[in-house]
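Working notes for the structure below.
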Amino acid sequence: MKKLIVIIGTLLMLVARTVAIADNDDIKVMFEGKEIVFDVPPIIQDDVTLVPMRAIFEALGAEVIWDSNEQIITATMGNGIYYRNINMQIGDAYMTRYTGDTTQVIPTPGVVRIELDTSPIIVNERTLVPLRAVSEAFDYDVQWEEGTHTVTITAAPQPTTLPPIANEDTRTSILEGRLAVTAESGWEIDSDYYGHWLTFDKDGIYIHMNISEMGYKTTGDLARDVRYLGYKLAEKVIKQNGIEFVNVIEDNSDDIYRLRYIVISNDGYLIDVEFISNTKEISKKDLKENVKIIMNNLEDGGKKLDTSEKMVLLDNLNVKQPEGFVAKQEYGVDFEMWSINKIVTPDTEAVPAISIYCGRWPTYDEEYYGEKPTKTIEGEFIGNKIKWQLYRKNNYMQALYEDNEEGVYYHIAAVANNAEEQKKIIEIVSNIEENISAGVGGKPVIYLYPEQETEVNVKLDLKGEFTFTYPEYNEGWTVTAKPDGTIMSNGKQYSYLFWEGTMPDFKTDFKEGFVVKGSESAGFLRDVLEKMGLTPKEYNEFIVYWAPKLQKNAYNKIYFAQKEYEKHARLDINPKPDSILRVFMVYEKADGDTVLPEQKIKPFERKGFTVVEWGGYLTEK
């Protein structure tokens with residue numbers, strides 16, 4: 001009898017759902033004044049309007065991917081600068097939203113899990129998604145009119161003005177201290193630990209400032225230099241605060257939310273200063289007005305470019321940079337790129353230059369401008385043999401290296417003036433090393449939260465050597481810390497203390513831990529770090545840095561080191577904290593069938609003066 005009741009109940013539910021679908025054939029969805037036509041009618045379920053996924057995402061301007069095996073929906077929207085990415089799964093009541101910058105140079109606001117009123121479903125072989133949730137995830141405004149059963153989707157309201165930057169000074173060094181900028185009147189400046197970008201932030205309004213060395217030395221005439229480099233002058237050359245700069249226009253560029261300046265540094269090199277803003281956050285007019293104020297506060301930072309021979313850290317590569325060359329790192333949507341250029345003046349006819357692209361597919365071309373290679377020469381790259389293909393035109397040369405372990409390709413391309421310079425290029429590339437050896441602690445950051453504004457001294461007894469600290473360590477950090485986590489050092493503001501260094505004797509055996517799919521890294525980290533006691537700001541900054549690295553592997557072994565980490569990197573803080581949490585993730589590439597006893601995670605209780613540190617470490621197999 002019970003079985004019969006269950007069957008009847010199930011049939012009633014199916015009939016009820018069928019009726020719900022049939023009764024809502026008249027739902028109309030309007031986007032920017034035009035009706036969206038669906039091949040399967042929208043429905044209302046649990047007071048939520050659901051619509052076919054492909055039609056709604058394409059109408060909103062997003063690209064959608066459907067994984068039929070896992071029943072996962074991935075939709076991405078970008079304008080060439082910023083992206084919004086959402087992930088949903090059939091039957092899952094949560095949606096994950098990723099927001100960030102396609103160049104990966106600008107910091108992302110983070111990863112957010114959003115609870116849905118109704119999960120995505122499949123009806124008549126069509127996937128339906130909650131209309132309001134996905135629209136608002138892409139920053140659209142959604143209105144429902146009950147009388148006509150009409151949903152109206154429009155662009156969200158835009159701010160009309162942006163507060164001017166003026167008052168309290170905060171001077172921040174950029175590009176390794178070669179330039180400095182002052183922001184005022186409540187604006188916060190966040191900078192990366194390489195010192196190549198800044199984000200000006202106030203009340204959710206962002207202006208991103210990206211600074212990079214161009215590899216050119218000025219002739220003494222900035223207007224002439226700009227024309228040589230293919231730019232047009234938008235305004236007159238300005239001289240102030242010990243530097244010279246000019247606003248320029250890129251040829252064939254119609255991006256109205258991007259402003260670019262060419263700056264002559266105090267040592268005579270050309271620097272590219274670019275400002276970018278999200279079109280949904282700030283208008284073109286407001287961007288221009290505030291960028292002018294920022295540029296008025298740009299000045300000489302005191303330091304000069306060091307072009308003497310040294311090792312230059314470029315993410316996962318170390319470049320032995322010959323004197324007179326500059327090495328820098330850039331990013332694209334689907335690749336990373338490093339460039340090594342000889343510093344020259346615009347009088348030079350050709351620039352000996354090397355570009356290294358890293359991606360998931362080969363970009364090597366057999367022909368160069370229709371010309372086949374004339375010669376093959378052997379060389380080395382990150383300790384492996386490679387074959388250089390040489391061409392007559394422009395003395396072009398290229399090589400391809402496949403990393404079977406990581407599943408990535410390195411395409412190395414270069415141009416030279418003559419055969420001698422080609423030999424120099426081969427020598428430079430042969431000296432490039434990988435920066436993934438055991439013993440490198442990656443981006444440990446330290447947050448300080450005193451109960452009241454306090455002078456704090458932090459010392460780190462590292463069994464190894466520092467490779468980078470920010471602010472400068474100087475046998476310890478002595479800073480002023482505020483209850484909200486703001487740190488002041490020598491008149492400059494920081495969000496945390498940063499250190500990176502070698503720990504040659506650090507080892508872990510993975511007797512316990514976790515085995516995590518690379519594609520599920522972000523969700524795993526969020527759950528574990530939240531359980532540990534990290535705040536959303538702290539764990540989002542962790543995820544944004546580490547999840548992309550974990551996703552490069554199909555699976556990873558992950559272990560959160562405790563006593564062994566403390567032995568190799570002991571913290572001494574005065575005054576002594578009331579509570580301290582140190583999260584140090586160790587990971588290693590794993591196979592899908594790897595099994596580990598699960599590591600127990602203990603929740604952290606914040607009390608009194610609290611210190612939180614997180615970092616990570618890639619081990620060698």
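Just so it is clear, the values below take in all heavy atoms, side chains as well, and ignore hydrogens, waters and symmetry mates.
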Distance flag, aromatic centroids of Phe584 and Tyr565, threshold under 6.0 Å: yes
Near-ring test Phe31/Tyr140, centroid separation under 6.0 angstrom: yes
Can you tell me how far [atom2] of [Y] sits from [atom1] of [X], rounded to the nearest 0.5 angstrom?
| X | Y | atom1 | atom2 | result |
| --- | --- | --- | --- | --- |
| Ile121 | Leu128 | CD1 | CG | 5.5 Å |
| Leu448 | Tyr496 | CG | OH | 13.0 Å |
| Ser579 | Tyr449 | OG | OH | 11.0 Å |
| Ile65 | Arg54 | CD1 | CZ | 9.0 Å |
| Ile446 | Phe498 | CD1 | CZ | 10.5 Å |
| Asn87 | Asp67 | CG | CG | 10.5 Å |

Check against side chain to side chain contact (heavy atoms under 4.5 Å, CB included), Val595 and Val515: CA-CA 7 Å; Val595 177; Val515 180; 6.0 Å; no
Suppose we screen for salt bridge (Lys or Arg N to Asp or Glu O under 4.0 Å). Which residues come up paired with [X], at least two apart in sequence or across chains?
| X | value |
| --- | --- |
| Arg582 | Glu566, Glu613 |
| Glu453 | none |
| Asp39 | Arg126 |

Where [X] and [Y] come nearest, the two heavy atoms and their spacing:
| X | Y | result |
| --- | --- | --- |
| Glu274 | Asp272 | N-OD1, 3.9 Å |
| Ile73 | Pro120 | CD1-CB, 4.1 Å |
| Phe524 | Ile558 | CE2-CD1, 3.7 Å |
| Gly518 | Ser521 | O-OG, 2.7 Å |
| Phe38 | Ile56 | CE2-N, 4.2 Å |
| Ser119 | Leu50 | O-CD2, 3.8 Å |

Answer yes or no: is there a side-chain heavy-atom contact under 4.5 Å between [X] and [Y]?
| X | Y | value |
| --- | --- | --- |
| Gln551 | Lys549 | no |
| Leu550 | Met585 | yes |
| Arg526 | Ile543 | yes |
| Leu497 | Val445 | no |
| Met53 | Val129 | yes |

Applying side chain to side chain donor-acceptor pair (under 3.5 Å), can you list everything that pairs with [X], at least two apart in sequence or on another chain?
| X | answer |
| --- | --- |
| Ser519 | none |
| Glu136 | Arg132 |
| Asp484 | Thr486 |

Got more than 12 heavy atoms from elsewhere within 6.0 Å of [atom1], [X]?
| X | atom1 | value |
| --- | --- | --- |
| Lys531 | NZ | no |
| Glu63 | CD | no |
| Asp117 | CG | no |

Flag for Glu541-Tyr447: side-chain donor and acceptor within less than 3.5 Å: yes
Under 3.5 Å side-chain donor-acceptor pair for Trp546 and Tyr587: no
Derivation of the ring-ring contact (aromatic ring centres under 6.0 Å, His included) call for Tyr470 and Tyr494: CA-CA 9 Å; Tyr470 188 76; Tyr494 302 86; 5.2 Å; yes
Working for side chain to side chain donor-acceptor pair (under 3.5 Å), residues Gln143 and Asp141: CA-CA 7 Å; Gln143 299 294 328; Asp141 185 59; 3.2 Å; yes
Glu451 vs Arg606, salt bridge (Lys or Arg N to Asp or Glu O under 4.0 Å): CA-CA, chis, key distance, verdict: CA-CA 11 Å; Glu451 292 185 286; Arg606 293 172 182 255; over 6 Å; no
